[in-house]
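Any value given below was found using the heavy atoms of this structure, including those in side chains, with hydrogens, waters and symmetry copies removed. The structure displayed is predicted, hence computed values, not measured ones.
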Amino acid sequence: MCEVAMEEQERDISDIDPQECSSVMENGVMLVVNQSRVRAPLSVVLATVLYCAEFVTAAVLCSYYQKTEDVIWMGFTIAFMLVPAVLIQLTLTFIHRDLGRDRPLVLFLHLLLLGPVIRCVEALVVYYKAGRKEEPYVTISRKISLKKGHGTPMEWEIGQSERTLATHRNAFKRTAVIQAFLGSTPQLTLQLYATIQEKYFILPARLTLMIITLISVIYGALVCSVLAIQIRYDDYKVRLRPVAYLCMIVWRGLEIATRVTALVLFSTALTHWVILVGMANLLFFFFLPWAEFWARKGSLTQDVEKNFSKLGTIVVLSMFTLLYACINVFCWSAVQLDLTHRELIERKQHWGRLAMYYCGRFVENFVLIALWYYNKSDFYEYVCAPLLAVQLLICYSLAVLFMLLFYQFCHPCRRLFKYNVHDCLHCVCCLKKRRGPRGGGQKLPPSYSTAATMVLVPDEPLELLNPQNGERETAIIEDMTDAA
């Protein structure tokens with residue numbers, strides 16, 4: 001007999017029909033008899049390939065720096081290569097709980113910094129063995145598939161293989177974020193700075209490392225955005241369409257590339273001041289969650305790990321906050337930390353913080369580029385500096401535009417937004433009109449975004465849900481003010 005070890009209640013928001021296997025109707029619930037189809041661990045393979053490629057390329061570049069006696073470049077390259085590698089080994093060991101298991105070979109490979117490789121091999125072995133023999137399911141996944149506003153309850157039987165692969169995927173998602181923002185981003189900044197300082201003398205190994213790190217950073221930011229959606233809407237199984245991934249790739253790619261370029265150009269003109277800018281950003285975002293924690297007078301969550309002492313919990317939370325700060329130095333983290341919450345993530349979507357971050361970051365990039373322009377050396381005499389500055393500002397503006405397009409049209413949970421991007425922009429315009437003479441009596445056109453927005457919240461009075469009522473706009477402005 002099949003024993004059910006756990007039941008997960010999820011709701012599936014997707015434009016894809018869930019007709020993947022045979023099903024019958026029982027008491028209004030569409031029960032899927034067959035087990036869920038095991039998906040290939042492509043994300044695990046991609047994260048492992050990026051990890052190995054960046055590590056090997058950085059090692060080759062370090063050997064070249066050793067031959068040319070570039071001690072400074074070699075030291076920083078080794079640091080940005082080893083620090084994320086060690087943290088990735090600790091993360092994989094922590095998630096898979098290998099310290100309490102008899103697996104000496106796996107632990108030895110982790111000591112050799114080959115943990116992602118053996119984990120990827122394990123995931124591939126599980127995937128290729130899945131389906132060869134019938135195995136009892138260990139989980140029932142209950143979902144509601146929403147298609148064109150109609151909900152269909154579904155149930156899937158999750159087998160042991162799929163559950164094991166899910167653990168591997170979740171672990172490698174975390175390692176991809178660590179690799180991207182604790183290793184790849186500073187590595188990319190360093191190598192771009194070294195290239196400019198050496199009069200654009202581009203080494204093949206350095207160029208290869210810059211390309212790999214850029215891909216790793218974009219992938220890490222993409223994973224960070226998807227993780228933020230999955231954590232915030234953990235009751236729903238999220239599936240993103242290809243156009244959503246494309247929109248996020250363009251958004252994150254332009255945002256990170258512009259930020260890194262602005263910092264590197266500023267560092268070539270005012271070398272010592274860039275340390276102050278970087279440390280100010282890092283310390284601000286590091287202490288921001290702790291300041292909010294102290295302001296709320298809350299207590300530390302005890303669900304990080306039951307075997308941890310209070311000191312161990314503080315160390316883990318500090319490392320998590322450091323990762324959060326490193327992400328926000330280069331791009332929007334898509335989440336806000338709440339150290340009192342069990343999952344350490346705030347569920348509420350703060351549009352005000354999102355607007356404040358991008359406005360502040362745009363102003364900061366503009367100031368950095370302006371300072372570089374007025375303090376640049378004669379080395380840039382063959383570069384059209386005004387055109388380069390304008391291009392960087394336009395690229396960052398395009399990143400913001402694609403971000404707005406994603407939240408408005410491509411976000412998988414946009415039906416659950418109480419207010420969307422268009423609503424907030426519409427209400428800001430209405431607020432400006434009301435400040436004008438006798439402008440409060442005008443009738444406002446309904447927002448087109450409300451037609452595609454399904455709000456799954458407790459019923460409210462009709463006057464609060466009427467898009468032509470002024471109180472709804474006032475509520476949005478108040479929410480934005482509270483978030484800010």
Validation row: Q191, T213 side chains within 4.5 angstrom (heavy atoms): no

Can you give me every donor-acceptor pair (side chain of residues 49-62, partner residue at least two apart or in another chain, under 3.5 Å) with its distance?
residue, atom, partner, partner atom, Å
Y51, OH, Q89, NE2, 3.1
Y51, OH, L113, O, 2.8
E54, OE1, Q179, NE2, 2.9
E54, OE1, S184, OG, 2.7
E54, OE2, Q179, NE2, 3.3
E54, OE2, S184, OG, 3.2
T57, OG1, A53, O, 2.6

Find the distance between CE (M74) and NZ (K67) and round it off to the nearest 0.5 Å. 13.0 Å

My understanding is that only residues two or more places apart in sequence, or in another chain, count here; which of them pass ring pair (Phe, Tyr, Trp, His ring centres under 6.0 Å) with F320? none

In this structure, are over 12 heavy atoms from other groups packed under 6.0 Å from F286 atom CZ? yes

Parallel, tilted or perpendicular for W332 and Y358, by the 30°/60° rule? tilted

Applying side-chain hydrogen bond (donor to acceptor under 3.5 Å, both in side chains), name anything that partners Q391, two or more places apart in sequence or on another chain. none

Does the plane of the ring in W290 sit parallel, tilted or perpendicular to the ring in W294? Use 30° and 60° as the thresholds. tilted

Sequence neighbours excluded - ring pair (Phe, Tyr, Trp, His ring centres under 6.0 Å) pairs with any residue from residues 163-188: H96-H168

Suppose the criterion is salt bridge (Lys or Arg N to Asp or Glu O under 4.0 Å): which pairs have a residue in residues 258-269, not counting sequence neighbours? R259-E364

Only pairs under 3.5 Å count here: list side-chain donor-acceptor contacts from residues 268-280, not counting sequence neighbours, and write none if there are none.
residue, atom, partner, partner atom, Å
T268, OG1, L265, O, 2.5
T268, OG1, Y380, OH, 2.9
T271, OG1, S267, O, 3.0

Okay, side chain of T77, backbone of W73: is any donor-acceptor separation there less than 3.5 Å? yes

For I72, is the CD1 atom crowded, meaning more than 12 foreign heavy atoms sit under 6.0 Å from it? no

Is the shortest side-chain heavy-atom distance between Y357 and F285 below 4.5 Å? yes

So C326 and T185, do their side chains get closer than 4.5 Å, heavy atoms only? no

Is there a side-chain contact between F330 and V217 (heavy atoms, below 4.5 Å)? no

May I ask you to decide if the ring planes of Y396 and F362 are parallel, tilted or perpendicular, using 30° and 60° as cut-offs? tilted

